[in-house]
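All chains are named by letter (A, B, ...) in the order of the sequence lines, taking the proteins before the strands, and each is independently numbered beginning at 1. In what follows, every heavy atom counts, from backbone to side chain, and hydrogens, waters and symmetry copies are set aside.
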Amino acid sequence: MDETIAEFIRRTILKIPMSEMMTVLEAWNFLSESQLQTLNLRQRKDSLAQSVVLLCEEKCASLSDAALLDIVCTQVHRHQKIWDVYQMSKGPGEDLDLFDIEQFKSSFKKILQRALRNVTVSFRDAEENAVWIRIAWGTQYTKPNQYKPTYVVYYSHTPYAFTSSSRLKSNIPLLGQALTVASKHHQIVKMDLRSRYLDSLKAIVFKQYNQNFEIHNPTAPLQERSVGLDINTDSRIIHENAVEKDKVQRITQETFGDYPQPRLEFAQYKFWKAAMLTTTPQTPTQSLQFHNRFLETKFKSDLNGGILADREEPLRCLIKFSSPHLLEALKSLAPAGIADAPLSPLLTCIPSRGMNYFKIRDK
Amino acid sequence: MRSALGGGLGLRLELHFSAMQKTMDPYDAPESTPRQHPSCSLKEYFLAATPLQRRLESVRKQATSFVPTPPRRRIPQRSQLQEDVDPQKVAFLLHKQWTLYSLTPLYKFSYTNLKEYSRLLSAFITAEKQKGLAVEVGEDCNIKVVFSTLLGMKGTQSDPEAVLVQILSKPQLPSEDREAKALWTGWFCCVFGDGLLETVSEDFTCLPLFLANGAESNTAIIGTWFQKTFDCYFSPLAINAFNLSWMAAMWTACKMDRYVAATEFLWSVPCSPQSLDISYAIHPEDAKALWDSVHRTPGEVTQEEVDLFMDCLSSHFYRHFRIHLSATRLVRVSTSVASAHTDGKIKIICHKYLIGVLAYLTELAIFQIE
């Protein structure tokens with residue numbers, strides 16, 4: 001076994017927390033049951049890594065075996081990456097293509113190899129028709145760098161692919177091309193949607209986030225439940241604004257539903273001056289321009305007797321919302337009295353539009 | 001709904017405003033000489049009053065506890081004295097994150113003894129470090145303490161000179177010609193501190209503002225030595241949302257040749273179960289234009305203007321997001337002049353307005369001591 005492969009396996013093992021070691025090694029499905037039993041999980045991690053490397057040497061592990069281990073690791077720690085979403089579309093009359101996953105894989109690999117010559121492409125099939133792809137990039141003259149790969153999760157029969165954000169921007173167009181051609185699509189566009197939570201991104205683009213609505217929606221209507229809550233409080237205390245509170249609750253529930261929200265950590269809104277936009281080169285993201293009537297950004301304030309009445313300039317600003325669980329946090333704003341119900345469509349449209357990066361232009 | 005927001009804010013600010021005018025009335029006259037600084041009125045405020053008045057004022061002050069300050073301040077100006085400061089030393093103070101403390105006057109501190117203090121503090125730190133370490137004594141203690149003055153880092157001639165204290169790591173071998181690395185840096189200053197200066201006797205040196213950069217454990221050890229040696233007391237200087245708004249307005253008001261950063265506000269939203277942070281970054285030219293449209297008194301910033309500036313930003317935000325920023329907590333402001341965090345951390349970026357920034361911080365420190 002090549003020295004570099006041994007080192008790659010060793011480093012990958014070191015990244016795995018001890019508590020998950022067996023799960024990952026079993027999922028890898030490379031070492032046999034009896035080999036795994038010889039491993040002493042109580043030793044220090046670097047000694048354990050060495051033992052795994054020795055077992056791999058016995059079985060003559062190849063680079064593709066090692067790459068599979070890396071994919072398994074990434075699948076387990078998918079939250080450690082930030083995922084971008086790409087949406088593909090077909091041209092007119094291209095709807096009825098038959099899709100074959102094996103054909104997809106070989107075509108995808110061929111496109112990258114033809115362009116770069118040095119590239120490691122590995123696949124691992126996952127649940128729900130998903131295929132995980134790992135690409136270690138090289139160039140015509142340099143070997144692939146196994147330590148800075150890009151991961152792609154493609155759901156076959158769908159127009160969506162998720163890629164781990166990477167600093168190697170130069171290979172993105174090539175990756176897009178390989179995905180489009182191999183999946184028999186016509187065009188690919190990067191969506192303005194990003195998160196650590198791959199499963200939430202998937203729920204958003206496949207509109208699955210409200211599927212468990214029935215399960216989570218208790219049979220008791222809202223009115224009864226709020227009465228139930230009051231039992232715990234002093235009966236002499238009267239909620240003067242109970243009606244208003246119920247209304248806010250109802251509107252919030254109508255807006256967000258009664259199911260757990262998909263998990264995102266940020267949303268960003270960039271307010272432009274129209275003039276600035278024309279000087280900016282068109283990027284694919286702008287094909288998804290936001291066209292709602294409420295996006296007029298001129299600065300108007302009727303405070304203090306129209307001191308600003310003559311100021312009609314748009315305010316160029318960048319607004320970022322961040323939270324460990326953004327949509328749940330937004331959902332709680334109106335009931336907490338921090339925002340009005342219903343919340344601004346700019347915020348509530350995030351899951352329905354599949355966007356958390358917005359560029360808003362003055363009309 | 002928007003008017004409800006504006007109305008609510010207006011009411012609250014009016015209350016504060018009238019409370020302040022009561023206390024500040026005699027000093028509310030327009031400041032005439034360009035030299036005069038807002039802390040002058042603070043000084044008079046503390047000196048002119050009889051003991052009874054002072055106690056009354058302090059009760060009132062507690063009632064409106066967040067108002068340390070007069071309702072108007074001068075927009076930071078370039079200081080003449082600052083010209084004397086060694087540019088290398090100024091550059092060293094910029095772009096670093098400093099943790100702020102207020103410091104009571106130092107008893108029998110002498111500028112002629114700085115060498116002696118360097119020696120004593122070195123010995124003290126070495127002893128403290130050895131206390132906790134049974135093994136490897138000396139390994140960690142290869143340090144040197146240096147006291148020096150930051151000449152010119154002050155607002156008026158009567159302000160005492162600022163003092164810089166550094167812990168440097170000594171090169172392991174004498175032959176090594178690499179420069180000593182600063183492990184910890186702290187400095188003490190007083191910029192337009194007249195109010196405090198005149199209330200203390202000659203035995204005391206007033207350097208109410210202390211800024212530290214480096215390991216907190218070192219700050220603690222040095223703090224202990226100063227407290228023992230000069231009978232003074234350090235306390236962390238937090239910056240509340242009210243003062244952060246003032247900073248945002250004053251720093252936005254500064255004329256800049258070149259902007260290096262957006263005017264950014266960070267609000268923290270106290271919603272459960274998930275926390276939420278809102279960053280609101282405005283193009284600095286647009287922030288300045290907004291300020292200019294709010295601003296009416298040349299050379300000065302008034303409470304009313306600060307409130308209006310913040311209200312305008314909040315209502316602009318509300319129009320897009322229907323979120324009341326007034327119900328959230330302002331935790332950080334950053335501009336091309338400086339940035340400040342509510343937990344008492346500051347970074348000064350613009351050389352030109354260094355003295356102006358320090359003047360306001362000195363004022364806050366003095367208020368905390370008083």
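- To the nearest 0.5 Å, atom CD1 of residue B/Ile278 and atom CG of residue A/Leu333 are 7.0 Å apart.
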Just do the side-chain contact (heavy atoms from CB on, under 4.5 Å) check on A/Arg316 and B/Glu285 with the steps written out, would you?
-> CA-CA 9 Å; A/Arg316 283 169 286 174; B/Glu285 286 166 14; 3.5 Å; yes
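- For B/Thr297, the side-chain hydrogen bond (donor to acceptor under 3.5 Å, both in side chains) partners are B/Glu305, not counting sequence neighbours.
- Residues B/His324 and A/Asp340 share a closest heavy-atom pair of NE2-OD1, 2.9 Å.
- Residue A/Phe266 does not touch chain B at all, counting heavy-atom pairs closer than 4.5 Å.
- Aromatic ring centres of A/Phe271 and B/His320 lie closer together than 6.0 Å.
- For A/Ala267, no part lies near chain B; criterion is any non-hydrogen pair under 4.5 Å.
- Relative orientation of the B/Phe321 and A/Phe321 rings is perpendicular, given thresholds of 30° and 60° on the angle between their planes.
- Within a 6.0 Å sphere centred on NZ of B/Lys96, other residues, nucleotides and ligands contribute more than 12 heavy atoms.
- The two residues B/Arg322 and A/Pro342 have their closest heavy-atom pair at NE-O, 2.9 Å.
- Here the straight-line distance linking atom NE2 of B/His283 with atom CG of A/Leu315 works out to 10.5 Å at 0.5 Å rounding.
- In this structure, chain B has heavy atoms under 4.5 Å from both the backbone and the side chain of A/Leu318.
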Run the numbers on B/Leu276 and A/Ile338 for side-chain contact (heavy atoms from CB on, under 4.5 Å), then give the verdict.
-> CA-CA 12 Å; B/Leu276 174 66; A/Ile338 294 163; over 6 Å; no
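- No more than 12 heavy atoms of other residues, nucleotides or ligands shown are found within 6.0 angstrom of CD on B/Glu216.
- Using a 4.5 Å cut-off between heavy atoms, B/Phe317 contacts chain A through its side chain alone, with no backbone atom that close.
- Contact annotation for B/Ser275: both backbone and side-chain heavy atoms come within less than 4.5 Å of a heavy atom of chain A.
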